[in-house]
Amino acid sequence: MGGAVLLLAGLALANPGWRYHLLKKYELGAAPAARNTGHITFDTTTRRLYICHNTEVKVVDADSGAIIGSILI
């Protein structure tokens with residue numbers, strides 16, 4: 001099962017009438033024997049996503065979807 005990053009648009013607090021919608025979808029490959037997945041952090045300065053896959057954190061360029069690197073934890 002491939003991991004995916006969903007980039008969502010809209011800011012619910014700014015306008016409660018807005019709805020989130022999918023802008024882009026990036027396939028990141030399967031998580032290695034993942035039991036603890038789904039933790040995502042976004043760095044607005046560098047525009048990078050940090051996605052936790054059990055014992056690995058994938059670093060992804062949010063604009064291109066390219067995997068920049070991995071951090072083993």
Side-chain angles (χ1 to χ4, degrees):
M1 179 173 165
V5 176
L6 304 179
L7 297 180
L8 303 174
L11 182 59
L13 298 175
N15 184 348
W18 289 3
R19 300 279 184 208
Y20 288 106
H21 63 277
L22 179 67
L23 291 179
K24 295 179 185 178
K25 181 178 177 179
Y26 301 127
E27 292 296 327
L28 301 177
R35 286 179 279 135
N36 187 15
T37 61
H39 303 286
I40 298 174
T41 300
F42 179 64
D43 183 352
T44 56
T45 305
T46 61
R47 300 203 40 83
R48 291 185 177 168
L49 291 166
Y50 297 88
I51 303 141
C52 180
H53 284 303
N54 203 14
T55 60
E56 176 185 23
V57 177
K58 289 190 179 185
V59 183
V60 179
D61 181 287
D63 297 316
S64 70
I67 297 174
I68 297 169
S70 294
I71 303 168
L72 296 177
I73 52 176

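Given the structure is predicted, the values throughout are model-derived calculations rather than measurements.
- Judged by distance alone, the side chain of K58 and the main-chain N or O of L49 form no donor-acceptor pair under 3.5 Å.
- When the side chains of ILVMFWY residues are joined at heavy-atom separations under 4.5 Å, either directly or via intervening members, V59 and I40 end up in two distinct hydrophobic clusters.
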Under 3.5 Å, which donor-acceptor pairs do the side chains of residues 64-73 form with other protein atoms, sequence neighbours left out?
| from | atom 1 | to | atom 2 | distance (Å) |
| --- | --- | --- | --- | --- |
| S64 | OG | D61 | OD1 | 3.3 |
| S64 | OG | A66 | N | 3.2 |
| S70 | OG | E56 | OE2 | 2.8 |

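- Every residue was checked against the salt bridge (Lys or Arg N to Asp or Glu O under 4.0 Å) condition with R48, not counting sequence neighbours, and none meets it.
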